[in-house]
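First up is the structure itself, then whatever we jot down about it.
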Amino acid sequence: MSRVLVNQMFKIYTQNMHYHPEAIEPKWRQKWVESQLYRVDNSSDKPKFYVLDMFPYPSGAGLHVGHPLGYIASDIFARYKRLKGFNVLHPMGYDAFGLPAEQYAIQTGVHPAHSTDENIKRYRQQLDQIGFSFDWSREVKTSDPEYYKWTQWIFLLLYTHYYDEKEHKALPISRLEQYFVANGNQDIQAATTQSEAFKASEWAAMNRAEQEDILMNYRLAYRKTGYVNWCEALGTVLANDEVKDGLSERGGHPVEKKAMMQWSLRITAYAERLLDDLATLEWTDALKAMQKNWIGRSEGAQIFFDLENRSEKIEIFTTRPDTIFGATFMVLAPEHALVKSITHPDFQATVQQYLDYVSSRSDIDRMSENKEVTGAFTGGYAIHPFTGKRIPVWIGEYVLGDYGTGAIMAVPSDDERDRLFAQRFGLDIIDVVDKSAYPGASVHEKVGSLQYSDFLNGMEVKEAIRYMLGKIEEQRIGKRKINYKLRDANFSRQRYWGEPFPIRYDQQGVPHPIESRDLPLTLPDLENFQPASGGKSPLARAENWVHQYDGFALETDTMPGFAGSSWYFLRYMDANNPDTFVSKEAVDYWQDVDLYVGGTEHAVGHLMYARFWHKFLYDLGLVPGIEPFKKLINQGMITAYGYYAENLRFHKDGHEVVLIGNASDVQKASVSSTEATFSGTGSPIRLAYVVDWLDGQNRLTKEKFLEYYTSKGKDYNVLGDVNKYCWVRDEQGEEYITVHVVQEKMSKSKFNVQNPDDIVDRYGADCFRMYEMFLGPIEQSKPWDTKGIDGVNRFLRKFWSLFYLGNDWSVESSTPSPEELKVLHTTIRKVTEDIERFSFNTCVSAFMMCVNELKRLECSKREILEPLVILLAPFAPFVTEELWELLGHTESVHTATYPKFDPTCLESDQVELPVCINGKKRDVMLVPAKASQEEIEGLVKASEIVKRNLEGKVLLKLIYVPGRMVNLVVKE
RNA sequence: GCCGAAGUGGUGGAAUUGGUAGACACGCUGGACUCAAAAUCCAGUGCUAGCGAUAGUGUGCGGGUUCGAGUCCCGCCUUCGGUACCA
């Protein structure tokens with residue numbers, strides 16, 4: 001008989017006596033599907049609870065061990081809440097539109113819809129393995145026309161509304177039109193990009209196209225020509241939060257500023273509410289701070305400066321109106337509208353030269369260089385509103401076109417950048433703030449007293465600001481203003497795989513919404529996904545599609561990734577409703593997300609946009625609450641160890657190239673073509689899983705390297721021809737390279753992706769779930785390591801063995817002892833408290849302690865084990881379900897009632913009391929629990945150890961903290 | 001630079017409100033079982049000195065408050081995350 005067969009038979013024979021996840025788990029996986037155990041109703045007598053995970057983008061690499069970390073935590077919480085008697089909504093879906101699928105389509109010709117569906121299938125399999133309690137009947141997929149129909153519908157709502165700053169809410173654009181007819185745009189308080197004023201008569205005189213142009217400047221979804229982040233490699237523009245350090249977040253390609261006509265969302269209209277309502281949320285301070293910074297509110301004044309010999313004015317924004325007497329020049333952003341008109345003919349050439357220089361620079365140039373001060377004089381002058389002096393107007397790169405008004409009054413004494421500019425170009429500096437009373441105060445701190453400032457002299461900065469704000473308004477040269485760093489969100493992508501805009505243009509190029517009864521406007525089938533000419537989306541090539549409406553052309557750009565994810569949490573409430581995006585009954589019942597779990601990488605992007613859309617929908621009366629996500633937990637990233645060769649030399653084409661430096665230097669090293677080149681793409685010199693071959697100093701010797709290479713290196717094909725390496729030699733003649741160990745993101749390109757499948761195959765889903773939780777606090781980032789998994793596996797087997805003594809079912813029904821009850825109720829309390837504060841790692845510890853204790857007590861009593869099975873069910877849903885059935889139950893353990901904590905079980909006659917002398921623990925005494933302070937003092941003083949420690953010393957004081965400890969204060 | 005989080009044994013981490021530092025687990029050491037190995041079980045394990053009871057020392061560094069500090073305060077250092085000419 002073969003060995004395998006013997007093992008098989010042994011397994012079958014011992015089926016129940018030993019813990020066999022590979023038998024239990026598939027069985028329950030199937031049964032749960034059959035019984036629709038996790039299906040949720042939209043009506044119930046129970047209180048509601050909504051637990052949501054950030055839905056994944058289904059990438060080709062499959063789910064890695066980092067994804068489920070948050071899903072497991074939220075699943076435990078959802079299951080816990082269900083046991084506690086809540087009706088829990090816990091859905092899952094896919095953020096299915098996105099660049100990678102389209103890039104893949106360009107390379108391979110596989111349609112994104114097809115590859116996305118394949119990836120989703122794989123994700124679903126992996127998710128099912130782990131035993132999540134998702135209600136899959138509510139699955140959403142953002143690329144499904146039945147879903148994006150409603151994304152388009154919400155877009156049209158944004159298009160047909162403007163933001164009224166008097167009523168602080170979005171209102172129909174038709175109301176604005178009525179206002180224009182009656183009053184023009186005089187005194188309208190609305191969020192707008194319209195700068196020119198017009199009267200009712202002027203409005204009446206405009207043709208429809210001109211009126212549409214103006215209305216566009218008020219719509220919440222609007223078109224404008226602006227400087228956008230253009231990414232040549234991806235052939236599309238990107239939103240600010242999709243750009244990191246001048247490179248695209250996806251793919252790391254360079255990004256440049258380019259003027260383009262684009263759709264935008266007027267998120268800035270909601271800046272104040274997005275900021276203020278943060279206070280109502282249970283988010284971490286770190287996350288709130290990120291959002292606050294991104295919104296970037298600053299209070300100050302808008303001031304108009306007259307120009308010499310011209311009718312226009314320069315509008316500036318400043319937070320320091322008190323320093324206005326120190327304003328010795330002005331600086332405009334290079335793209336400022338007035339640059340052309342203000343430039344004096346004599347300076348035309350130098351200004352143009354400077355503009356050319358600026359446009360030649362990419363974002364990355366601007367950021368990476370050590371801030372060289374550049375600028376040019378326009379030859380124009382402004383008039384100082386208080387002194388009447390002429391002050392020169394410059395242009396300079398350091399003034400940003402899209403912040404504030406794109407122009408500043410420069411106060412070189414109190415602004416670091418203005419001072420550098422003044423020094424570089426020899427401009428006047430008047431030191432208007434005397435900071436001598438505040439030694440150590442930095443330039444930008446708002447302290448000191450004013451000098452050389454006429455009527456402000458002697459005032460403290462704070463007082464002077466207040467005074468000046470009044471003065472500016474009184475003299476009608478400007479007014480108080482609040483400015484936000486937040487920019488309107490670029491909403492156009494020149495890509496195929498996204499939601500088409502439900503917009504068609506007439507022959508004059510005026511946009512018209514597509515009737516909502518015609519939605520969804522679906523994507524055409526394409527075979528070639530390359531961008532069309534002129535930086536256009538591949539959709540532009542689908543002629544029939546573009547011209548499907550007579551006399552109109554469809555918009556060919558598509559919406560960005562954050563469109564679909566800005567409202568998906570609402571769709572889950574009523575996922576299959578064909579008539580509306582979410583029914584009123586559903587949203588009134590589920591309200592908002594009670595617990596949202598996801599990564600910090602979405603701290604500003606997704607979370608900001610989703611809050612914005614939600615507030616907009618609230619204004620329209622479509623959702624009941626002002627915020628979508630009440631409580632938010634950020635799970636940490638699970639990283640992988642990366643190993644990089646630190647000072648590796650290698651030969652190429654007869655040359656020896658020596659690379660010395662840290663790992664990132666080596667990564668970036670590009671060797672000039674005359675000497676040698678890296679084969680391939682210049683990727684980092686990675687050594688996959690080399691850790692077992694390193695010596696204590698992170699050195700890899702040649703001998704070990706060859707051993708490593710033979711066994712592993714070829715699998716990963718990252719090293720190239722091993723004969724091309726040569727080695728650093730130490731004094732003993734040993735050849736080696738130094739390996740730099742880093743923690744890094746898991747990604748397909750780094751060969752470091754760890755899939756959960758292998759772990760689940762080997763140890764079972766319960767073990768995988770508990771191990772991921774056991775790794776540490778949920779918010780913390782940590783490298784993946786399977787070192788400790790045996791501990792969890794042992795725990796599960798030990799737990800199982802409480803039910804089986806040897807080969808026999810050992811559960812018996814005798815009455816538990818007080819000690820056994822104490823173990824149980826200690827665990828109930830600890831686990832319940834810890835789940836409530838999302839400390840799942842300590843829950844696992846508590847279960848381990850509990851089982852260790854019960855094992856020691858040889859306890860197999862039903863009254864102890866039954867509640868314990870329920871308590872463990874959220875963590876290990878499979879094994880608990882099996883044991884629950886073995887205990888004789890016919891209903892699922894996941895519909896059981898959570899065990900009740902009984903504090904009387906923890907009471908005992910004797911308590912341990914630590915005795916400290918001068919804060920150091922010297923003894924632990926067993927004392928009666930109800931002893932008075934006097935009795936305790938007597939007992940403590942009678943202790944041999946205390947007596948010995950008190951010899952020759954004076955007892956000054958005895959501190960007794962009831963139930964905690966005793967401290968004796970003693971002196972020589 | 002600014003904002004935020006964190007620094008605890010060989011390792012992951014625990015200590016919830018200022019009250020026994022190192023729970024729980026991994027690893028390691030020794031032992032039991034075994035022809036042997038795996039698995040399992042038992043004991044030990046911060047560091048230093050000591051056969052030992054025990055003593056000293058110990059939560060990134062330097063100070064402080066307190067009967068008592070990983071926890072609070074002041075000043076630094078390091079790591080990670082965010083942000084970067086935001087007027």
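Quick note on labels: first sequence line is chain A, next is B, and so on, each numbered from 1.
- In this model, the phosphate group of B:A14 is approached by a side-chain N or O of A:Asn841 to a distance below 4.0 Å at OP1 or OP2.
- Among residues at least two apart or in separate chains, side chain to side chain donor-acceptor pair (under 3.5 Å) pairs with a member in residues 401-410 of chain A are A:Ser298-A:Tyr403, A:Asp402-A:Arg487.
- Contacts of A:Arg922 with the nucleic acid, taken as non-hydrogen atoms under 4.0 Å apart, involve only primed sugar atoms and P, OP1 or OP2.
- Spacing between B:C72 and B:G18 at atom P, rounded to whole Å, works out to 8 Å.
- Sparse packing is recorded around NZ of A:Lys479, with 12 or fewer heavy atoms of other residues, nucleotides or ligands lying under 6.0 Å away.
- The salt bridge (charged side-chain N to carboxylate O under 4.0 Å, His left out) check on A:Arg480 picks up A:Glu473, with sequence neighbours excluded.
- With P as the reference atom, B:G44 and B:U8 are 27 Å apart, rounded to whole Å.
- In RNA chain B, stems built from 3 or more consecutive Watson-Crick or G-U wobble pairs, each with both distances under 3.5 Å, span B:1-7 with B:77-83, B:10-12 with B:24-26, B:27-32 with B:40-45, B:46-49 with B:54-57, B:60-64 with B:72-76.
- Contacts classified as side chain to side chain donor-acceptor pair (under 3.5 Å) and involving residues 314-331 of chain A (residues at least two apart or in different chains) are given here: A:Gln302-A:Glu315, A:Arg320-A:Asp322.
- Atom C1' of nucleotide B:A25 and atom NZ of A:Lys782 are separated by 15 Å, given to the nearest angstrom.
- In this structure B:G62 sits in the anti conformation; its chi angle is more than 90° from 0.
- Taking the salt bridge (charged side-chain N to carboxylate O under 4.0 Å, His left out) definition, one finds that A:Lys481 meets it with nothing, sequence neighbours left out.
- Atom CD1 in A:Ile316 sits about 8 Å away from atom C1' in B:A87, given to the nearest Å.
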Would you tabulate the nitrogen or oxygen pairs shorter than 3.5 Å linking the protein to nucleotides 72-82 of chain B?
none

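- Seen from the ring of A:Trp283, A:Arg611 counts as a face-on cation partner, given the 6.0 Å and 45° thresholds.
- Residue A:Tyr403 places none of its side-chain N or O atoms closer than 4.0 Å to OP1 or OP2 of B:C85.
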Any protein N or O atoms within reach of nucleotides 37-43 of chain B? Criterion: under 3.5 Å, listing atom names and distances.
{"unit_1": "B:U40", "atom_1": "OP1", "unit_2": "A:Arg794", "atom_2": "NE", "d": "3.4"}
{"unit_1": "B:U40", "atom_1": "OP1", "unit_2": "A:Arg797", "atom_2": "NH2", "d": "2.7"}

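- With C1' as the reference atom, B:G46 and B:G27 are 15 Å apart, rounded to whole Å.
- Within the structure, a side-chain polar atom (N or O) of A:Ser298 is placed less than 4.0 Å from OP1 or OP2 of B:A87.
- Contact of A:Lys830 with B:U16 (side chain to base): a donor-acceptor pair of N or O atoms is detected under 3.5 Å.
- In summary, of the residues considered (A:Phe847, A:Tyr771, A:Phe768, A:Phe774), a ring-ring contact (aromatic ring centres under 6.0 Å, His included) with A:Phe875 occurs for A:Phe847 alone.
- Spacing of C1' atoms, B:G9 relative to B:G13, comes out at 11 Å, to the nearest Å.
- B:C51 and B:U17: their P atoms are spaced 44 Å apart (whole Å).
- Between the C1' atoms of B:C74 and B:G82, the separation comes to 27 Å (whole Å).
- For the P atoms, the distance linking B:C26 with B:C42 amounts to 12 Å, nearest Å.
- A:Lys288 pairs by the salt bridge (charged side-chain N to carboxylate O under 4.0 Å, His left out) definition with nothing, not counting sequence neighbours.
- Of the N and O atoms on the side chains of A:Lys798 and A:Asn852, at least one donor lies less than 3.5 Å from an acceptor on the other residue.
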Show me the side-chain donor-acceptor pairs of residues 597-607 of chain A shorter than 3.5 Å, one per line, residues at least two apart or across chains.
{"unit_1": "A:His606", "atom_1": "ND1", "unit_2": "A:Ser565", "atom_2": "O", "d": "3.4"}
{"unit_1": "A:His606", "atom_1": "NE2", "unit_2": "A:Tyr596", "atom_2": "OH", "d": "2.7"}

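- Partners of A:Glu779 under the salt bridge (charged side-chain N to carboxylate O under 4.0 Å, His left out) rule, at least two apart in sequence or in another chain, do not exist in this structure.
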Contacts under 3.5 Å, N or O only, protein and nucleotides 6-11 of chain B:
{"unit_1": "B:U11", "atom_1": "O2'", "unit_2": "A:Lys787", "atom_2": "NZ", "d": "3.4"}

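- Classified by interplanar angle (parallel below 30°, tilted 30° to 60°, perpendicular above 60°), the ring pair A:Tyr398/A:Phe421 is tilted.
- B:U66 sits 23 Å from B:C61 when the P atoms are compared, rounded to a whole Å.
- Using a 30° and 60° split on the angle between ring planes, A:His384 and A:Phe305 fall in the perpendicular class, above 60°.
- Between A:Tyr804 and A:Trp800, the ring-plane angle classifies as parallel under the 30° and 60° cut-offs.
- Take A:Tyr484 and apply the side-chain hydrogen bond (donor to acceptor under 3.5 Å, both in side chains) test, not counting sequence neighbours, and it matches no residue.
- If you check B:U16, B:C24, B:U83 against the side chain of A:Glu833, the one that comes closest is B:U16.
- Note on A:Asn967: every side-chain N or O is 4.0 Å or more away from OP1 and OP2 of B:U20.
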